[in-house]
Amino acid sequence: MTSVRNRLAMFFRTLARRISMSTARIFSIMSGKISSGSPVGHSDIGPQVQEYRALEVTDKRPPVFGSVWQEIVVIIILTLGMALPPANQGSMQIAVPEMGESFGISGGNLSWTISAFTLTSGAFVLLMASLADNIGRKRMLLISYVWFSVWCLASAFVNNHIVFDIMRGLQGLSGAVSPPAAVGIIGATYIPGRRKNKAMATIAAGAPLGFVVGITSGGICTQFLSWKSILYFSAIEYAFLAAVGWALIPNDPAMDWIVVRKRLAVIDYLGALLSTSGLVLLVFALTESSVASDGWRSPYVIVLFVAGIIVLGIFVFWESKAKNPLMPLYIWTYPGVALCMIIIACGFMNFLGVVSYYIVLFFQRVRGASAILTTAYLVPQALSGILVNIVVAYTLHIIPGRIFMVIAMTAFLVSALLWALQPLSLTYWAMAFPAICLSVLGADLSFNVANMHILSAVPAELQSSASGILNTVKQIAVSVGLAASSTIVKTAADRSPNEGTTKLYDSYRAAFWFAVGISGLGLVCSLFLKVGTKGAKREDNTNDTTQNTENAEHAEKNVSSQ
């Protein structure tokens, strides 16, 4: 008991010291500097904390953390940053029927209450990740939390659905910032080792588990309070996290306005314009294809889709010529990076783009379950995800990543098959329960492996950009999955000879078969992936260390040649 009291006392002393330092920084900012203050001893993230080419593998606590308690709290804050987009999607998705009644809308108009967030979140990731790398990951993370809180609170007082959708899009900007900034902080703070594996596994859990936690909190709020209470609680939560994060997250390197202007001047703004425009056109067309009266036959849908592809093609060409590219193309040349991106796209197109979306509709519209009962059905998914991440954190240095990835894609495939083959009236425990557990097994394993491998393949200064590319791929894959499955569901419903809930279930099963095909493609790709262990001691991990060294040298050559 004494030991616990001593640790708690140490934690609160550290918190008080950090708050005191933060107060001093406020006066520094008011005096004309954007920096979060002067360097504070060992509390700043700088080049001395981690050099990418360091061959030493260590399990020691990074020196930027004054105590284990500070480290734990910071990792929790960063995990909630990773969880922001999927948690928001899950919490609002379960409240869709209530939102429709509140605004008096349905069909395509109602779908934009979800799509508006995903659209801006996916389109602005690359730009926001670049800003995080250039002007500070902590700064951008805290700005995203405050921004999200402000627009959540504002949207709770809106009664017009068009204005609400616009505010949902503004919320989505936070979803574009927080994941790459959070991952970048971990990547730049920790030296490769088991401790980094545990930290990375924890924040990686925020992506797949965020959706489940969002559905859980959204179900409780919708059932017992109102759907708008979701927005109030989200605003309070992230405002609190911003305040605690300001005090405890290690500082970015101090910089004044001169340094800021220099760094902002080298950002690839044309690349940002091209990538954002192309992704907005593409995602908008994909979303509209499922709600337009003529679907893909609508002329404006085809025009927007083709325009988006052309603009993205121009973006890729420009990135090959730009002096400071927003997305350095050489990132894709590292062994396994491109294949990891394809596998993650297949996995999350299955997980968030099809299965997670339609099982909620299946429980509520086919089985007639309430919001809170649907939440209870999905609780095992959260528990399974926690266990999976614990296992990954303690075995990623032992079991090769390619084995984990094959297991993950097999889990996705079996889960989709269970949903596609499930009879209409079968008990929950027979097929739905194992399918729910397997889906999060696939999501957690695949994202952990891909995230760790991709971050180990790039220099420390590109950690947020690499994470931004990964999250862009994931978000676009989810949008494509939602659009494609919606079109499939609509077509299947038109062709079904049944009526009522049976007709509805026939259409959902068609979406699940689409998920089966996507999972199968991901499984085939995973068989060719060559990713070893991560974080093992050097003598037990010679091949992996050698590969990391070669990657670092490759990065230096590419940077020097531009």
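For reference, positions follow the sequence shown, starting with 1. Every heavy atom of this structure was used, including side-chain atoms; hydrogens, water molecules and symmetry mates were not.
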Out of curiosity, [X] [atom1] to [Y] [atom2], how far, rounded to the nearest 0.5 Å?
| X | Y | atom1 | atom2 | result |
| --- | --- | --- | --- | --- |
| Met128 | Thr120 | CE | OG1 | 9.0 Å |
| Phe117 | Phe148 | CZ | CZ | 5.5 Å |
| Ile407 | Ser446 | CD1 | OG | 12.0 Å |
| Ser519 | Met349 | OG | CE | 10.5 Å |
| Phe404 | Leu529 | CZ | CG | 13.5 Å |
| Leu80 | Ser178 | CG | OG | 10.0 Å |

What's the shortest heavy-atom distance between [X] and [Y], and which atoms?
| X | Y | value |
| --- | --- | --- |
| Val406 | Thr410 | O-OG1, 2.8 Å |
| Asp268 | Ala322 | OD2-CB, 4.2 Å |
| Cys152 | Ser234 | SG-CB, 4.0 Å |
| Leu339 | Cys525 | CD2-O, 3.6 Å |
| Asn350 | Ala416 | ND2-CB, 3.9 Å |
| Cys346 | Met409 | CB-CE, 4.3 Å |

Under the criterion side chain to side chain contact (heavy atoms under 4.5 Å, CB included), I'd like the reasoning laid out for Ile249 against Ile77: C-alpha separation, chi angles, the key distance, then a yes or no. CA-CA 9 Å; Ile249 295 176; Ile77 294 172; 4.0 Å; yes
Mutual orientation of the aromatic rings belonging to [X] and [Y] [parallel < 30°, tilted 30-60°, perpendicular > 60°]:
| X | Y | answer |
| --- | --- | --- |
| Phe103 | Phe164 | tilted |
| Phe362 | Trp419 | perpendicular |
| Tyr358 | Tyr508 | tilted |

Could you go through Gln364 and Ile94, starting from their C-alpha distance and side-chain angles, then the distance that decides it, and tell me whether this counts as side chain to side chain contact (heavy atoms under 4.5 Å, CB included)? CA-CA 9 Å; Gln364 290 187 334; Ile94 205 165; 3.6 Å; yes
Evaluate the side-chain proximity of [Y] to [X]: yes if any heavy-atom separation is below 4.5 Å, no if none is.
| X | Y | result |
| --- | --- | --- |
| Trp513 | Leu417 | yes |
| Phe412 | Leu523 | no |
| Leu141 | Arg137 | no |
| Pro85 | Pro179 | yes |
| Ser102 | Trp227 | yes |
| Leu312 | Leu282 | yes |
| Ile310 | Leu281 | no |
| Val177 | Leu131 | no |

Hey, does the side chain of [X] reach the backbone of [Y] with a donor-acceptor pair shorter than 3.5 angstrom?
| X | Y | result |
| --- | --- | --- |
| Tyr145 | Gly81 | yes |
| Ser217 | Gly214 | yes |
| Ser149 | Ala239 | yes |
| Ser91 | Asn88 | yes |
| Thr79 | Ile75 | yes |
| Lys228 | Phe157 | no |

Val303, Ile309, Ile302, Leu304 screened by side-chain contact (heavy atoms from CB on, under 4.5 Å) with Val306, the one that passes: Ile302
Ser155 meets the side chain to side chain donor-acceptor pair (under 3.5 Å) criterion, sequence neighbours left out, with Gln171
Got a sec: does the OH of Tyr269 have more than 12 other heavy atoms crowding it under 6.0 Å? yes
Might you work through the side chain to side chain contact (heavy atoms under 4.5 Å, CB included) test for Lys474 and Leu470, ending with a clear yes or no? CA-CA 6 Å; Lys474 186 182 71 174; Leu470 178 61; 5.8 Å; no
Check whether the ring centres of Trp147 and Phe124 lie less than 6.0 Å apart, and answer yes or no. no
Take Arg402 and Val449 through the side chain to side chain contact (heavy atoms under 4.5 Å, CB included) test and state the conclusion after the steps. CA-CA 8 Å; Arg402 62 179 175 272; Val449 173; over 6 Å; no
